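Report on the structure given below.
Note that the numbering runs from 1 along the sequence shown for the chain. Everything quoted here is computed from the prediction, not taken from an experiment.
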Amino acid sequence: MAKVIGGVFTSHVPAIGGAIHRGAQNEPYWKPFFDAWPPVREWLGEQVPEVVIMFYNDHGLNFFLDKMPTFAVGAAAKYRNEDEGWGLPPFPVPPGHPDLSWAIIEKLVAEEFDITTCQDMLVDHAASIPLALAWPAGEAPVKIVPIAINTVQHPLPSAKRCLALGRAVAKALAEWQGDETIMVMGTGGLSHQLDGERAGFMNPEYDTFCMDNLSVDPDALTRHSVHEIVELSGTQGVEILNWIAARGALGDKVHEVSRSYHIPISNTAAAVMVLETEAARAAGKAGAEKTAELA
């Protein structure tokens, strides 16, 4: 049986990629954000995931306003990142896991989700930059299943629907007969608005509400309509939907391992969180106790 260890939740601002390529991680503007990642990498080193289920939103690299699926699942053996117009070299993208992708797709359809299946798929900075942050030495040593959620073109899916999507993915992972160690990533946000009269808007109060409830009461994040979330978090802050879906994929009980929050990077309230499943925590405690006994 597969083991779901937990999830990493992070902002995915394109400028992060620029900072990585410039080697600007220790500049005062960027350091608070990059300082959040050593604890994440320590946790990854302990848990050693083999597969990442990636919940993110596309910004026009693969889908555009003329064709914008509500939910799209990658079923490819390989994915690639390309220049999105920022002038950044493409980031390395690990291979896909088609068998697991199809198991998830079949479960989602059985759970009455109307999804788009992509057997050829580009992934943009929302997927590639979080992987580069988690594994900065090069291509992430995992396989990925990308799940793109529409946070761009209205009508958007509700927070309740996104949580249900994640919970359907959790059912698929529970039924999966592989023996891989699996983690999820939820990327985007937090609060920010890049255009219009509220350009530059951020809302630390709402961001804190989301982070406080993500682990213990994810249903609390579904009490606002999408339009209310836009009001609370900004036009682009609605990317919290990706976090909500990823949280649903972790099952009922999780524990917060680490959290970081910093304002601003590129007019965005940036956050990084790690949540660990009950099973992964129990296994870690058992391993630590056995090590102590042998010492």
Side-chain angles (χ1 to χ4, degrees), residues 1-10 40-56 71-79 93-108 110-111 113 115 118 121 123 126-128 130-135 139-149 162-187 214-215 218 242-258 272-284 286-287:
M1 295 291 290
K3 175 185 175 185
V4 181
I5 57 170
V8 175
F9 302 77
T10 179
V40 178
R41 295 172 195 138
E42 181 180 355
W43 180 78
L44 292 171
E46 294 170 354
Q47 296 292 344
V48 195
E50 299 167 284
V51 180
V52 172
I53 313 297
M54 174 74 69
F55 295 86
Y56 73 108
F71 302 120
V73 182
K78 61 181 180 180
Y79 303 94
V93 179
H97 193 325
D99 290 342
L100 180 54
S101 289
W102 282 110
I104 290 172
I105 289 164
E106 290 174 3
K107 188 64 177 180
L108 289 176
E111 293 285 319
F113 283 90
I115 60 171
C118 302
M121 192 177 188
V123 294
S128 61
L131 291 167
L133 288 164
W135 289 280
E139 182 179 300
V142 297
K143 295 181 178 180
I144 63 170
V145 176
I147 302 177
I149 297 175
C162 290
L163 185 60
L165 176 84
R167 286 172 170 163
V169 171
K171 292 180 182 179
L173 298 180
E175 295 172 4
W176 175 245
Q177 295 302 303
D179 60 358
E180 299 95 338
T181 300
I182 300 173
M183 63 169 273
V184 305
M185 292 191 95
T187 87
L214 190 68
S215 61
N242 303 326
W243 287 44
I244 293 169
R247 171 62 184 89
L250 294 179
D252 292 334
K253 191 170 184 180
V254 298
H255 301 270
E256 184 175 320
V257 175
S258 67
V272 181
M273 292 187 72
V274 175
L275 302 182
E276 186 174 65
T277 62
E278 182 76 0
R281 171 158 289 207

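- Within the model, atoms CE of M183 and CG of L250 stand 9.5 Å from one another, a figure rounded to the nearest 0.5 Å.
- The two residues V142 and P94 make their nearest non-hydrogen contact at O-CB, 3.1 Å.
- In terms of heavy atoms, P98 sits closest to A75 at CB-O, 4.0 Å.
- In terms of modelled atom types and a separation under 3.5 Å, the side chain of S215 and the main chain of V254 share no donor-acceptor contact.
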Could you walk me through whether I104 and W176 pass side chain to side chain contact (heavy atoms under 4.5 Å, CB included), step by step?
CA-CA 9 Å; I104 290 172; W176 175 245; over 6 Å; no

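- Looking at every heavy atom in both residues, T10 comes nearest to P130 through CG2-CB, 3.8 Å.
- Using cut-offs of 30° and 60° for the angle between ring planes, the W243 and F9 rings count as tilted.
- W43 has its side chain out of reach of S258: every pair of non-hydrogen atoms, C-beta onward, lies at least 4.5 Å apart.
- Heavy atoms only, all atoms of each residue included: L275 and R247 are closest at CD1-CD, 3.9 Å.
- Heavy-atom minimum distance, R167 versus P218: NH2-CG, 4.1 Å.
- For the pair L108 and F71, the minimum side-chain heavy-atom distance is 4.5 Å or more.
- Side-chain atoms of E180 do not come within 3.5 Å of backbone N or O of A2 as any donor-acceptor pair.
- Taking CE of M185 as the reference point, atom CG of L133 lies at 7.5 Å (rounded to 0.5 Å).
- Note that CG of L165 and CD of E111 are 10.5 Å apart. Values are rounded to the nearest 0.5 Å.
- A side-chain donor-acceptor contact under 3.5 Å links T187 to the backbone of A126.
- E175 is linked by a side-chain hydrogen bond (donor to acceptor under 3.5 Å, both in side chains) to K107, counting only residues two or more places apart in sequence or in another chain.
- Taking OG1 of T181 as the reference point, atom CD of Q47 lies at 8.0 Å (rounded to 0.5 Å).
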Give the intermediate values and the outcome of side chain to side chain contact (heavy atoms under 4.5 Å, CB included) for residues E278 and H255.
CA-CA 7 Å; E278 182 76 0; H255 301 270; 2.5 Å; yes

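- Atom NE2 in H97 sits 8.0 Å away from atom CD1 in I53 (nearest 0.5 Å).
- With rounding to the nearest 0.5 angstrom, the CG atom of L100 is 9.5 Å from the CD1 atom of I105.
- Nearest approach of G74 to V145, heavy atoms of both residues: O-CG1, 4.2 Å.
- Under the rule for a side-chain hydrogen bond (donor to acceptor under 3.5 Å, both in side chains), W135 has no partner lying at least two apart in sequence or in another chain.
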